[in-house]
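Labels below follow one simple rule: chain letters A, B, ... track the order of the sequence lines, proteins then strands, and each chain is numbered from 1.
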Amino acid sequence: MTPVVHVENLRAVAGGRALVDGVSFALSAGRVLALVGASGSGKTTTGLALLGEHAPGVAVSGRVAVTGRIGFVPQQPAAALNPVRRLGGVFREIAALHRGDPAELVATALRRARVPADLLRRYPHELSGGQQQRVVLAQSLVGDPAVLVADEPTTGQDPITRAEVVDELASVVAQGVALVLLTHDLDVVRALADEVVVLRSGRVVEAGATADVLDRPREPYTRALVAAQPRVTVPGDRPARRPRLELHGVTARHRATTVLRDVSLQVGAGECLAVVGRSGSGKTTLARCVVGLHPTFGGEVRLDGRPLPRSLRKRSRAELASVQYVFQDPRSSFDPHRTVLSQVARTAVRLRGSADATAEALAELAAVGLDEATATRRPAGLSGGELQRAALVRALLARPDVLVCDEITSGLDTLTQASLLDLLAALPCAVVLISHDLAVVARLADRVAVLHRGDLVEHGSAGDVLGLPTHPVTIGLLGRSMEGTEEKRT
Amino acid sequence: MSLRRYAVRRLAIGAVQVLAVVTVVFLLVQALPGDAAVALAGDNPDPRRIGEIRAAMGLDRPALDRFGSWLWGLAHGDLGVSLVSGRPVVAFLLDGLGPTLVLAVLALVLLVPLSVLLGVVAALREGGVVDRITTAITVGLHSIPEFALAVVLIALFGVHLRWLPPTAVGADLLAQPAVLVLPLVVLLARPVCSISRLVRAGMIDALASDHVRHARRLGIGAQRIRFAHALPNALAPAVQQVARTTDWLLGGVIVVEAVFVVPGLGTILVDAVAARDLPVVQGLAVVFAVTTVLVNLVADLIGFRLAPRSVAIA
Amino acid sequence: MRGVGALLVTVPLLLALAGPWFVPDDRTRGGPFMPNSWLGTDFVGRDVWHQVLAGGRTVVLVALLATLLSYLVGVPWGVVAAMSRPRVVDDLLMRPLDLLLAVPSLLVLILTATIAGPGLPVLVGVVTLVNFPDVARIFRGAALEIAGRPALEAMRLQGESWWRTSIVYPGRSMVRTLAADSGVRLTGALYLVASASFLGVGVPPDAADWAVMVDRNRVGLFLQPWAVVVPAVLIVALSVGLNLVFDRALRAEARS
Amino acid sequence: GTTGAAPAASAPKAGGRLRAAFAGGGAKEVLDPHLANLFVEAARSKALFDKLADLGPDVSAQPRLAERWEPDATLTRWRITLRQAAFHDGRPVRAEDVLASYARILDPNRAFRAKSSLALVDLANSRAVDERTVEFALERPFIEFPNALAAFGAYIVPAGAEDFAAPVGSGPFRFVSFEPGKSVLLKKNPDYWEGAPHLDELEFVIANEESARANALLGGQVQYAHDLTPTTARSHTGSDRMAIHRSPNSAVQAFAMKLDRPPFDDRDLREAMFLLADRPQLVESVLAGSGQVANDLFGKGYQYYADDIPQRARDLDKAKFLIRKAGAEGLTVKLDTSTAAAGMVEAATVFADQAKGSGLTIEVVTGNKDSYWADTLKNGSLSSFRSGAMPIETHIAQRLLSDAGTNVTKWSRPEFDDLYRRAVSTVDGAERGGLYAEMQRSLHAEGGYLMWGFADWIVGASPNVGGISTAPANTLDWARFDKVWLG
Ligand SMILES: Nc1ncnc2c1ncn2[C@@H]1O[C@H](COP(=O)(O)OP(=O)(O)OP(=O)(O)O)[C@@H](O)[C@H]1O
Ligand SMILES: Nc1ncnc2c1ncn2[C@@H]1O[C@H](COP(=O)(O)OP(=O)(O)OP(=O)(O)O)[C@@H](O)[C@H]1O
Ligand SMILES: [Mg+2]
Ligand SMILES: [Mg+2]
């Protein structure tokens, strides 16, 4: 079979630094090639080069040959949809560019991407994240592209959605499209890819058939990457401890819609409570009620038996220090105008009156692998994974009794993720961990709470919930995770 | 919130606003030095005569009493009669509304395409010569008061070159469209500048956005990208500005009306304030406030359509 | 293009601020609109050059002061409305402004000016009154967005001081909004000051004031154009220059 | 005088429509001639209606609808014979109409402008002798009764007329249509008693801005532009598109000092003020040379004007001396002014400049223009003043008698009141002239009006318009369109 994609010695340089350095690969129709690697290793840059694009300030050289049309599913699908256009109009516009009956073309593309046709009357903001992703996929599929480039299609999706996306891509490939997959999610790679190219700092570390590379890695880097991947295992039961943080009948709403209904939970000292659920089920809202960022909730949050003021403004320094939060989106939780170090150190200054906050901050940053050179840059100079770690240190400097972590592993490669999980496991405080990744949950959690559309549908020890799930959502989440791990394409 | 419920709620707030506006205007007019009798007496301010005029106008009744009966009339759709001429206020408003509406509507009809065109052209050539020249001109024009621009245009095109009639004196605006050219140019100069700058800024942002980049990848043509994808995003702030311009236009383009002799609402307003003709000022305030409320409502509804996201969040 | 903006700002600004010191005390009066001195005479026979020297300060000061005052009132107004809890405060602050916006600004201008009579403070007040609701609205929007930012929430979780969470961070974040707004706002203030003289508001009709000069001398445009042209060009140069300077600063800031 | 490149068409020609641009009062204008207040209303009333008398070029009363008038020996009964004239609807103008018109003006429940001038008519005892003869009874002897007949707004309307939506008068033009604040269209009255007008049609259009009136004239949109500035006149002198017509002595420009309060209750200080004013400079800069220097007296060129009193000139040294003598050195006086009339503010600042170095400081205060006249009648001590043409007798009666309604200078002298009473009951013209001269001498010596100039009234017209008179504004021949033709 002749390759439809042929890349030879691709280089991308920005400001004297090589972002991509001598990448070569080829891909035939109906096959899947995965580019894997840590955050910042050059995946997106390579993917854009296939489209003949590059970020401003980046110079690209080398040979890129693509036969036929190429479709692209970008890393953030929400940003790729025009907020003021209904979906239908844009689809008709795209269809008009191709030969054939427009209605037919759109219908086919929607069917292939599993987008219900009645979504066409909506605006992008009226869709869930997963739906947005599928809509963008459908847009790329109109008129049968020869090649599809999908950039991190599963990042930040819950296991059920993630599995759906994998299924969709699989069926697209089955129809003869060549797929270039840019991801750090090895489960997805196993599920979809025929070949894997492992990138590290822009260089190809290892390449070959998926089974060869992932199951019998030759390079130490690849081996480490694969080894660090957590698996969903059913943990054994640990004895319950005296509750530190208690939630009683927490009910929260965003304007008129109730997003949390009568949720009661507890976490003991040194325990880890995992909160899982599909996207939009209310996990972040729950976290914000606990840390005082959603002061209008009903019910009560208690720390060591004493009710915590609902609003951050009413909390004393000690109370502030005792409950800390790591935001879901690390980049937006930093002030872009100040260095990361100075921002991280402020916690120690304000909440503990530390005399040498900077030294303390530097030490803890170093412990999570961030050196001084990195920390003294502004947030824009750090990768997503680095910022996530900095945000964690910022919270930990308060020496909290309760730490609430919202999706802190989603943007990370397996190696970085593993080191972070080790750090969390060693924490003496109570941890509330919000995660889509049940493998992470299984690794850390003592107790698991499952939220579904604002209701607490399951709550118990990790062994019970993960081992003997009773609610269909839990079963769904868990089942899909297992599937993702075990299913392999042949 | 549904569009209709939103509109109904806004209208209810609007009614309260109108009431508040007329109250404020009443208080302000009461606070003006002198009253209608003094103004009418003019350079013959014999106190006895002023007293007689005051009695004839009913100004000797307490202010609250007069305001009360005016409000009572308003509730019955009656705007009262002019203190000075005794003609019904409605007749004044109808007289002035025609010319002002002709000017305002024509200005609006021209304003939107003109400023969009200018803004888009400047944005597509961002940083280029065309962009810099339009920027300098729009900023310069934006700071020139209408009267100064009008003086120059009249002197040049009306008097010196004789290409266009220098005023609209005694003319029927619709029958002799030539008289409208200069007033419209003067009227449009400032709003076109401000709105085209907004469109330009919005367009530049939109052209650099991810969704436009994505649309390009999908192979959509350059023209469609510019006008169907980028432009709608650039229009939302411009629509708000257009709404405010409408208010300005309907609020009587006093200067333009005076310089070009268009007997519209602006002229009536100035005269009525000078004559302290309270019912007429009040009637105008009602018209202005109602228009402002409606125009802003329409702008918000259009904004709802143009930026569905922001309204949903707000 | 480089430096053009600065030049356009400096010349009128220098003339405006330093000019009054160079006006001789014993000014003579001649016939109106005579071409007998450098820039001729104005509508009451005063030397136009002296009037130009003396007349910039009011225009520039009023425009600057009014703009400054609009921000001094409008920014805290909008920020307090946006950040306030309970939200009733927001309504209490913003509803009256909606009301102000529902009265045509011209009506406000004519009525308040007639009530208050002429005088520079009145002019500053009126221009501020017309501008600040708009400023408050813009900055309320900006502050609402900033108040919801995780970065600010993170600072509050860190127990940051009121000064840093309510002033330093929002202030820094609003600089761009401010810079983008202030060029246009200053131009608008200059325009309003100039228009006010046409409406007979604020300054006495024969004041030494660039804006008044444009209005009052226009009758003599055919006899002696300098009395109109020079002050008009100075006003326009000032606004164009200010906008060019602000634009450049904004672009520089965006690049960094 | 009249200037312009092309001389006005010399021989009168019939036909055509003349459009005349005036400043207006916006939509508040009405066609009721008794309510007339503005120039445009006066001009329109004049075209549609007649008064019994009107003011001639020397501002003395001339017969109009009245063919002649005869007082009895007591000067309290006046027999007036009407001319044969008809209203536009064909009905003759009768004595009854005259009595009804005056009764309407004098209605105690209304406030027409002519009321004060006609107040001395004893209506109950006046009567219609026959169809064309009226006998008026007056409350006191009054030789100047014709001045009252010529008063502003004393028009004769058909008896019972109340609705002036489509007015019917006896004037040279008939009503066609009216759009308030915009225009009034009239057509000629071929049966006018003084002969039909030359014009077929006359249209009054409203343009409040002076520049707009001038531009409309230059653009050929109107043929007559009322009330132009000297600057406009100068700009277009010699132009082939605009002829300038000046009416000298039309408006007096002055400062009014109040005599009943400090500091101007001091006669020396008033004289000092008279001597401070540099009148030629005021005329030069404020009136742009379009006017004459005044001598602190009203009515230059009018009947009874005392032109034998020597012209005052600036004398700074003497003024300084008088200021010191009055103990007013270092005093600051507020000069109230406003834009209520053209040139007042400018005159005030020029005068304030002239007072520099005299020991007295004059501070100009600009007040509200709409209530200016009422404000300055009561408040302050020094104010700007301006007045249009009227007979000298009327000026005195309205502004200088102890009980006058608009006595802005608070001039209150029993002996002066006496002189006036004697003058208006003196039949002999020469003797009366002597009494007026005596009154003017005392005003000149120690009165409160510092009258510095008489402004020309300036009208622009197309060069082909003929028959425009240069009589002072407010007199009969001013804005008299039945004598005007389009060449
Ligand atoms: N415009 C640019 N100028 C300079 N460096 C850039 C630019 N864009 C990206 N980079 C750098 O290039 C490197 C590769 O970026 P790229 O987006 O391809 O990474 P990635 O593998 O897709 O990472 P992620 O998993 O986080 O999406 C990163 O180190 C990034 O900081
Ligand atoms: N500011 C807001 N205004 C209105 N609705 C909101 C707001 N924030 C969240 N919601 C809605 O509340 C619900 C719960 O949101 P929440 O952010 O708690 O979900 P989540 O479980 O954290 O989802 P994810 O896994 O995608 O982060 C969702 O339906 C969401 O759309
Ligand atoms: Mg990437
Ligand atoms: Mg979340």
Side-chain angles (χ1 to χ4, degrees), chain B residues 32-35 37-57 82-87 91-92 95-96 99 147 150-151 154-155 158-159 162 164-171 179 258-261 263 267-277 280, chain D residues 19 21 24-30 32 35 37-38 108-113 115-116 152 179-183 203-209 211-222 241 340-341 367-378 385-388 398 404-406 408:
Chain B
L32 289 178
D35 60 9
V38 167
L40 185 66
D43 63 353
N44 186 15
D46 186 340
R48 213 173 30 226
R49 178 154 175 260
I50 290 178
E52 285 168 358
I53 299 176
R54 209 165 266 155
M57 287 178 171
S82 153
L83 283 181
V84 179
S85 72
R87 290 176 63 217
F92 277 90
D95 283 347
F147 72 82
V151 168
I154 292 175
V159 176
R162 292 189 169 207
L164 290 163
T167 71
V169 84
V179 302
V259 174
F260 290 101
V261 198
T267 312
I268 295 184
L269 175 65
V270 174
D271 288 333
V273 171
R276 307 288 186 265
D277 200 339
V280 179
Chain D
R19 277 180 149 195
K28 72 166 189 260
E29 304 160 22
V30 286
D32 183 342
L35 281 173
N37 232 347
L38 310 165
N109 296 322
R110 305 223 216 179
F112 294 119
R113 187 173 173 129
K115 192 164 163 181
S116 60
F152 198 98
E179 289 176 76
K182 193 174 166 198
S183 76
E203 185 178 6
F204 291 93
V205 291
I206 300 300
N208 289 328
E209 275 268 305
S211 62
R213 296 194 291 276
N215 289 329
L217 181 62
L218 290 169
Q221 294 173 306
V222 300
R241 290 200 236 169
N368 184 278
K369 70 174 172 39
D370 306 313
S371 56
Y372 176 77
W373 301 111
D375 292 344
T376 53
L377 182 62
K378 284 199 301 269
F385 182 85
R386 178 191 177 278
S387 167
Q398 289 188 356
T406 55
V408 61

Against chain D, label L32(B) side chain, backbone, both or neither, depending on which of its atoms sit under 4.5 Å from a heavy atom there.
neither

Choice from D375(D), L377(D), T376(D), V408(D) maximising heavy atom contacts with chain B below 4.5 Å
L377(D)

Any side-chain heavy-atom pair of P180(D) and D95(B) under 4.5 Å:
yes

May I ask you to test the V159(B)-N215(D) pair for a side-chain heavy-atom distance under 4.5 Å?
yes

Partner residues of D46(B) under the side-chain hydrogen bond (donor to acceptor under 3.5 Å, both in side chains) criterion, sequence neighbours left out:
none

Looking at every non-hydrogen atom in both residues, tell me the closest pair between A258(B) and E209(D) and how far apart they are.
O-CG, 3.5 Å

Can you give me the closest heavy-atom contact between R276(B) and N368(D), atom names plus distance?
NH2-OD1, 3.1 Å

Considering only heavy atoms and a distance below 4.5 Å, find which of N109(D), N37(D), T406(D), L35(D) pairs most often with chain B.
T406(D)

For R162(B), is it the side chain, the backbone, both or neither that has a heavy atom under 4.5 Å from a heavy atom of chain D?
side chain

Between the side chain of Q221(D) and the main-chain N/O of T167(B), is any donor-acceptor distance below 3.5 Å?
yes

Once side-chain hydrogen bond (donor to acceptor under 3.5 Å, both in side chains) is applied, do any residues pair with E52(B), and if so which ones, sequence neighbours excluded?
K115(D)

Looking only at P33(B), A39(B), G34(B), G158(B), most heavy-atom pairs under 4.5 Å shared with chain D are made by P33(B)

Please identify, among V151(B), V261(B), D43(B), the residue contributing the most non-hydrogen atom pairs under 4.5 Å to chain D.
D43(B)

If we define contacts as heavy-atom pairs under 4.5 Å, which of S116(D), A111(D), P108(D), G220(D) has the most with chain B?
A111(D)

Check whether R386(D) gets within reach of chain B through its side chain, its backbone, both or neither, counting any heavy atom under 4.5 Å.
neither

At a 4.5 Å cut-off on heavy atoms, which part of R213(D) comes close to chain B: side chain, backbone, both, or neither?
neither

Heavy-atom distances under 4.5 Å only: say whether F385(D) touches chain B with side chain, backbone, both or neither.
neither

Under 4.5 Å from any heavy atom of chain D, what part of I154(B) do you find: side chain, backbone, both or neither?
side chain

Which pair of heavy atoms, one from W373(D) and one from G42(B), lies closest together, and at what distance?
CB-O, 3.0 Å

